[in-house]
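One structure below.
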Amino acid sequence: MNDARNPEEVIVCAGCGKTAEEPPVTWSCSVENGARRYLCDTCARDHIRSIEGRLDSAWW
């Protein structure tokens, strides 16, 4: 996998600030204004309606 992220960077949840060394498979990742944003599984679950609401209808 070609990840542009610096391998020494810690992944931080944009919602609650939880950290991880590697992006866990249960976390959500989005690209907003060219920057990656991660949400931990708890924050992603809490905000799933707003996440789904931003998807184009082609994804439904």
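For the single chain, residues carry numbers from 1 onward in sequence order. A quick note: this is a predicted structure, and the numbers were derived from the prediction, not measured.
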### Task
Determine the minimum heavy-atom distance between Arg36 and Val31, stating which atoms define it.
CG-CG2, 4.3 Å

### Task
Side-chain contact test, heavy atoms from C-beta onward, threshold under 4.5 Å: evaluate it for Trp27 versus Asp41 and give yes or no.
yes

### Task
Name all residues meeting the side-chain contact (heavy atoms from CB on, under 4.5 Å) criterion together with Cys16; count only those two or more places apart in sequence or in a different chain, and write none if there are none.
Cys13, Lys18, Cys40, Cys43

### Summary
Sorted by chain and number, sequence neighbours left out, side chain to side chain donor-acceptor pair (under 3.5 Å) with Ser30 holds for Glu32

### Summary
Value for CZ (Arg37) from CD1 (Ile11), rounded to nearest 0.5 Å, stands at 13.5 Å

